Undergrad: 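Here's a structure for you.
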Amino acid sequence: MKTFYITTPIYYANSLPHLGHLYTTTVADVLAKHKKQRGFDTYFLTGTDEHGVNIQRVAEAKGQTPKDYVDYISGEMKKMFADFGLTDYDIFMRTTEPFHYEAVRSLWRKIASNQTPKGNSTIYKGFYEAWFCPNCAEFKTETEYEIRDGEDVPRCLVHERPLDKVSEESYFFRLSDYGEFLLEAIEGNPILIRPEARKNEVISFIKSGLQDLSISREKKSVSWGVPVPGDENHVMYVWLDALSNYITAIGYGNEERKAVGFEKYWGNVTHLVGKDILRQHSVYWFSFLDAAGLELPQTIYAHGMWLDADGRKMGKTLGNTIELGVLREHFQTDAIRYFVLREMVFGQDGKFGYENLIERANADLASGLGNLSSRTLSMINKYCDGAIPNGKIAEHNYIYAKRAGINPDEQELVSVLEHARDEFLRKFDNFEFSQALEIVWSVIARIDKMISDAKPWELIKDENQAETLNAVLYRATETLRWLCVLLFPVMPEAMKNIYGQIGLSDDITVINPENLNYGELKTETKIGETQAVFPRLDKNKVMSEIMESGKLKIENEEPKPVVVQPTENVLTQNPTDVLINNQPDEADEVENFITIDDFLKVELRVGEIKVAERIPKADKLLRFEIDLGEEKPRQILAGLAEYYEPETLIGRKVVVVANLKPRTMRGLESNGMICAASLENGTGEKPALAAFIENVDIGARLK
RNA sequence: GCCCUUGUAGCUCAACGGUAGAGCGCGCGGCUCAUAAUCGCUCGGUUACAGGUUCAAAUCCUGUCGAGGGCACCA
């Protein structure tokens with residue numbers, strides 16, 4: 001039997017679930033359901049990565065044991081998955097499972113017993129150097145210390161005291177011997193790393209030279225991890241422990257999971273990862289696997305990140321994150337699933353805004369698929385006593401069918417459906433979900449058009465058209481049946497629902513779309529009770545509710561959690577090697593202060609508007625000449641034309657960013673920026689110019 | 001500084017080197033089975049710019065500019 005093994009990253013258990021977790025897991029769930037339908041023996045892994053110094057520290061800060069803490073986080077993750085219907089995973093992997101300890105230790109031994117492609121030992125003991133703050137009693141990472149001008153020794157950000165350079169014993173993996181092996185494996189295989197652009201990045205990273213990788217820490221500095229076999233003074237450090245979950249979960253190196261079937265699944269694994277952890281999943285993971293004498297994965301696919309509706313990165317500070325609570329409260333799970341697959345070109349970054357989601361749900365689901373189902377079934381109720389009519393047209397009635405604009409031969413529709421189905425599957429197999437869905441929607445449009453052309457509500461009045469009417473309704477319903485099967489993995493609940501409304505009761509989860517045959521929908525089948533599957537959303541109403549809940553949330557916000565940055569290995573040169581995770585998480589976002597120096601870079605000055613006028617053919621721009629106490633007034637352009645009459649601004653004193661890089665707009669150079677309070681919540685309210693209550697001198701600097 | 005990707009309609013995206021299309025949105029008209037739905041029509045493009053190769057370029061090559069990303073460097 002063909003097998004398919006799909007994994008999400010195991011999410012690092014140091015922060016609560018967010019959109020990135022939901023997204024990757026959703027895609028994996030869709031793929032798993034799809035492959036199951038198509039007869040694959042499918043295995044779906046997700047879970048949490050639960051070791052490491054970060055978790056140890058967060059737990060300590062909360063006065064918990066690390067185990068209690070990761071139990072809590074993984075519990076939250078499972079709850080979130082359940083909230084969004086993501087319950088079909090075969091294992092929720094946790095690296096704290098005893099079987100994983102056993103297996104990863106066995107993997108370590110296996111690797112250690114082998115040699116690198118260049119005949120060296122794979123693992124050796126060395127030293128790595130790190131900066132240690134005695135006051136904190138902790139090693140400090142790049143993000144936790146600063147190097148001041150003219151100083152060599154970094155200072156702890158907490159105590160501002162110079163750090164000690166401490167040399168610590170560590171085991172290293174001889175990654176530097178694997179460059180050629182990796183290049184050969186990756187360059188020659190077009191589907192090993194996808195998409196192509198990411199593959200190129202990995203290749204160029206490898207070509208720039210690989211350094212050996214520290215894979216352990218002394219137990220005295222990091223205790224929360226898997227002990228190194230044969231040296232209980234060390235625990236494994238991050239990657240070897242975390243990545244290996246993909247094999248330990250299916251039975252590598254342990255008895256407990258053996259029954260799952262490492263042999264049958266491993267050759268057919270697809271790893272979904274965020275682009276931020278691709279390198280670890282390729283360079284490190286492939287090398288570990290080779291060192292253990294194991295096959296490489298079939299495909300590792302790096303997907304993009306979700307940006308906000310304006311294309312900016314999401315973050316706490318910008319307040320533009322998508323809140324899972326809001327999604328759950330206001331949107332159908334199936335609509336979210338559809339949206340994330342339809343809206344993002346898989347592999348590229350995508351934009352996620354509540355408004356876009358509402359628009360998609362209304363246009364494609366409510367008006368599109370939902371309405372087609374609704375109009376078709378309601379006509380069957382009205383015109384055919386609620387039973388699927390016969391779709392055949394007798395030859396002597398062809399003339400009437402043609403008169404109604406209907407091709408008497410259903411073969412034309414059959415080829416359309418078959419072609420759409422084949423293309424859909426082809427795109428799906430190639431991870432082109434967005435395009436696959438587009439194809440399905442072109443079929444919906446076609447059936448809508450068929451109905452409009454045939455006008456069943458008129459056919460019913462003409463007894464010569466009885467067969468035409470039946471054929472139209474049969475064709476529409478049979479198409480719906482096909483669409484339910486195709487779309488089931490994407491929108492499982494809704495498609496089951498429509499499938500049931502058509503009057504079908506077999507198990508849609510195992511209907512292979514490849515085997516769909518036109519005409520298998522049985523005449524005389526009684527259709528089920530019809531109901532709207534996709535509710536239409538009132539955009540304004542939903543948006544204002546979301547805004548309201550957003551405000552409430554900010555008021556009730558808990559104090560910020562302790563900031564913990566990932567610990568880095570100082571010797572390896574990859575400070576950005578963050579843990580298994582994807583999407584920016586809260587812990588990364590908390591610290592976002594600027595220094596006084598940063599602020600002083602911005603030269604804010606008081607200026608008086610001398611001239612203000614509209615610019616021909618520019619709807620938004622106004623041209624100003626503003627006196628900043630310089631030789632002559634500056635020309636500054638600002639997008640205020642929609643909100644202010646230029647005349648009313650003359651003589652006003654405003655705050656100007658005086659050292660902004662000049663920029664040309666509408667052919668005019670702008671030498672600064674006028675400061676105004678802007679309401680960026682999309683309500684279109686007018687901005688307010690910054691002003692002073694007291695009298696101020698022109699040119700005065702603000703600081 | 002080096003490298004990768006990308007630039008097509010207001011927006012999101014298509015288009016083996018062969019007549020630039022679709023969806024959404026906008027405007028007009030039709031229809032009533034349906035969830036203010038749906039159907040038709042219209043509007044919308046010098047394919048970022050400049051060269052080159054070719055019978056033919058959105059597509060291939062070179063350069064410029066813009067966007068995103070990776071690495072290095074700096075902080």
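Order of the sequence lines fixes the chain letters, A, B, ..., with proteins taken first and strands second; residue numbering starts at 1 for each chain. A quick note: this is a predicted structure, and the numbers were derived from the prediction, not measured.
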Undergrad: Using atom C1' of each nucleotide, how far apart are B:C3 and B:A72 to the nearest Å?
TA: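 It works out to 11 Å between them.
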Undergrad: Report all side-chain donor-acceptor pairs from residues 378-388 of chain A shorter than 3.5 Å, counting only partners two or more places apart or in another chain.
TA:
none

Undergrad: Do any pairs count as a salt bridge (charged side-chain N to carboxylate O under 4.0 Å, His left out) and have a residue in residues 358-378 of chain A, sequence neighbours left out, and if so which ones?
TA: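 Applying salt bridge (charged side-chain N to carboxylate O under 4.0 Å, His left out) to every pair that reaches into residues 358-378 of chain A, excluding sequence neighbours, yields A:Glu343-A:Arg360, A:Glu359-A:Lys539, A:Arg360-A:Asp364, A:Arg375-A:Asp448.
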Undergrad: How many whole angstroms separate atom CD1 of A:Ile277 from atom C1' of B:G70?
TA: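 Answer to the nearest Å: 16 Å.
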Undergrad: With rounding to the closest Å, how many angstrom separate the P atoms on B:G29 and B:G45?
TA: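 Comparing P positions in B:G29 and B:G45 gives a spacing of 24 Å.
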Undergrad: Pair up each side-chain donor or acceptor in residues 458-465 of chain A with any protein partner under 3.5 Å, not counting sequence neighbours, and list the distances.
TA:
from	atom 1	to	atom 2	distance (Å)
A:Asp462	OD1	A:Asn464	N	2.9
A:Gln465	OE1	A:Thr468	OG1	2.5
A:Gln465	NE2	A:Tyr400	O	2.9

Undergrad: Check each residue of residues 434-452 of chain A for a non-hydrogen atom within less than 4.0 Å of any atom in RNA chain B, then write out the ones that pass by number, or none.
TA: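 Heavy-atom contacts with RNA chain B come from A:Ala445, A:Asp448, A:Lys449, A:Ser452.
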Undergrad: Can you name the side-chain contact (heavy atoms from CB on, under 4.5 Å) partners of A:Gln348, sequence neighbours left out?
TA: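 Per chain and number, A:Gln348 pairs via side-chain contact (heavy atoms from CB on, under 4.5 Å) with A:Val345.
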Undergrad: Could you measure between the two P atoms, the one in B:C60 and the one in B:C41, and give it in whole Å?
TA: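 One P to the other, the span is 33 Å.
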Undergrad: Hey, is A:Arg475 close enough to A:Glu412 for a salt bridge, meaning N to O under 4.0 Å?
TA: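 Looking at A:Glu412 together with A:Arg475, the answer is no, because their closest N to O distance does not fall below 4.0 Å.
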Undergrad: Check side-chain contact (heavy atoms from CB on, under 4.5 Å) between A:Glu196 and all other residues, then give those that pass, not counting sequence neighbours.
TA: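 Here the qualifying residues are A:Asn200.
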Undergrad: For residues 424-442 of chain A, which residue pairs qualify under salt bridge (charged side-chain N to carboxylate O under 4.0 Å, His left out), counting only residues two or more places apart or in two chains?
TA: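 Non-adjacent pairs meeting salt bridge (charged side-chain N to carboxylate O under 4.0 Å, His left out): A:Lys35-A:Asp429, A:Arg38-A:Asp429, A:Arg342-A:Glu438, A:Glu423-A:Arg426.
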Undergrad: For the pair made of CD1 in A:Ile358 and C1' in B:G25, what is the distance, rounded to whole Å?
TA: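 Computing the A:Ile358:CD1 to B:G25:C1' distance gives 16 Å.
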Undergrad: How far, in whole Å, is B:U59 from B:A14 if one measures between their C1' atoms?
TA: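 It works out to 13 Å between them.
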Undergrad: Can you tell me how far P in B:A48 sits from the matching atom in B:A57, rounded to whole Å?
TA: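 Comparing P positions in B:A48 and B:A57 gives a spacing of 15 Å.
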Undergrad: Of all residues at least two apart in sequence or in a different chain, which pass the side-chain contact (heavy atoms from CB on, under 4.5 Å) check with A:Thr333?
TA: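 side-chain contact (heavy atoms from CB on, under 4.5 Å) list for A:Thr333, sorted by chain: A:Phe84, A:Arg337.
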Undergrad: Taking only residues at least two apart or on different chains, which pairs with a member in residues 491-503 of chain A satisfy side chain to side chain donor-acceptor pair (under 3.5 Å)?
TA: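 As it turns out, the side chain to side chain donor-acceptor pair (under 3.5 Å) pairs with a partner in residues 491-503 of chain A, which skip direct neighbours, are A:Asn497-A:Gln501, A:Tyr499-A:Asp506.
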Undergrad: Are A:Tyr178 and A:Phe286 near enough that their ring centres are under 6.0 Å apart?
TA: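 Distance test on ring centres: not under 6.0 Å, no.
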Undergrad: Select from A:Asn200 and A:Gln348 the residue whose nearest nucleotide in RNA chain B is closer to the 5' end of that strand.
TA: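 Of the two residues, A:Asn200 wins.
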Undergrad: As a check on the pairing definition, encode RNA chain B in dot-bracket form, counting Watson-Crick and G-U wobble pairs whose two distances are under 3.5 Å, and using | for partners outside this strand.
TA: (((((((..((((....[..))))..((((.......))))......(((((..]....))))))))))))....
Undergrad: Excluding sequence neighbours, so at least two apart, what forms side-chain contact (heavy atoms from CB on, under 4.5 Å) with A:Asp422?
TA: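 With sequence neighbours excluded, A:Asp422 shows a side-chain contact (heavy atoms from CB on, under 4.5 Å) to no residue whatsoever.
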Undergrad: Heavy-atom contacts under 4.0 Å between residues 382-393 of chain A and RNA chain B, which residues?
TA: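 The stretch gives A:Lys382, A:Tyr383 as the residues lying under 4.0 Å from the strand, ordered by number.
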Undergrad: Which nucleotide in the list B:C31, B:C13, B:U38 gets nearest to the side chain of A:Arg375?
TA: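 So the nucleotide nearest the side chain must be B:U38.
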